[in-house]
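A short write-up of the structure that comes next.
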Amino acid sequence: MDVDGVLTDGRLGLSERGDEVKFFNAHDGVAVALARRAGLKTAFVTGETSTVAKARGDKLGVDKVVLGARRKGDVVESLLTELGLPAEAAAYVGDDLLDIPALERVGLAIAVADAVPEVRAAAHMVTRAAGGGAAVREAVERILKAQGVWRATVHAYIREHGGSPERWR
Ligand SMILES: [Mg+2]
């Protein structure tokens, strides 16, 4: 997935000192945890070189964070080679023009609701949520539901954190 405009609403906060601030959605953080628990590999592919994306990815345990990616299609291809996965086994979530080459190289191309028209046209699926509004949570839920493992994954996650999902349904 892309970072700015997908995991964030695309706005970039800059302090006088030049420090960058991005706002992430906690629901997407849980989505990454659920994806990992279900056996999906996750990666951030961003054109920016900001260390904020790296810090967020590391905190969430994202498998790979690629910064400064100007040719995202090439990055996605090498990630797939590295993981030994065919394009059909991969999904990519994007919002802007630089994401199109990456979207073209995966089996499931996903645009966030407020992606630019060209990206929405290149996608198989458009999320209901906008970037930064838990669009990645929605994408992960759709994928895990399609795989038939959503419920089991959520229950395992709740159990892992001390809950008893069998009691609520
Ligand atoms: Mg973006």
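In this chain, numbering begins with 1 at the start of the sequence shown. Indexing begins at 1, ligand by ligand and atom by atom, following the structure's order. What you see below is based on every heavy atom in this structure, not just the backbone, and it leaves out hydrogens, waters and symmetry mates. From a predicted model like this one, the values you see are computed outputs, not experimental measurements.
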> Which protein N, O or S atoms does the Mg ion (ligand 1) have within a distance shorter than 2.8 Å?
Replying inline: D2 OD2, D4 O, D95 OD1
> Going by an N to O cut-off under 4.0 Å, is there a salt bridge joining E118 and R120?
Replying inline: no
> Can a salt bridge be assigned to the pair D2 and K72 using a cut-off of 4.0 Å between side-chain N and carboxylate O?
Replying inline: yes
> Which atom names give the shortest non-hydrogen contact between N25 and G132, and what distance separates them?
Replying inline: ND2-O, 3.0 Å
>> Show the nearest heavy-atom pair for residues D114 and G5, with the distance to one decimal.
In response: OD1-O, 4.5 Å
>> Other residues, nucleotides and ligands only: do more than 12 of their heavy atoms fall within 6.0 Å of CZ on R142?
In response: no
> Transitively linked via ILVMFWY side-chain contacts under 4.5 Å: V62 with L34?
Replying inline: yes
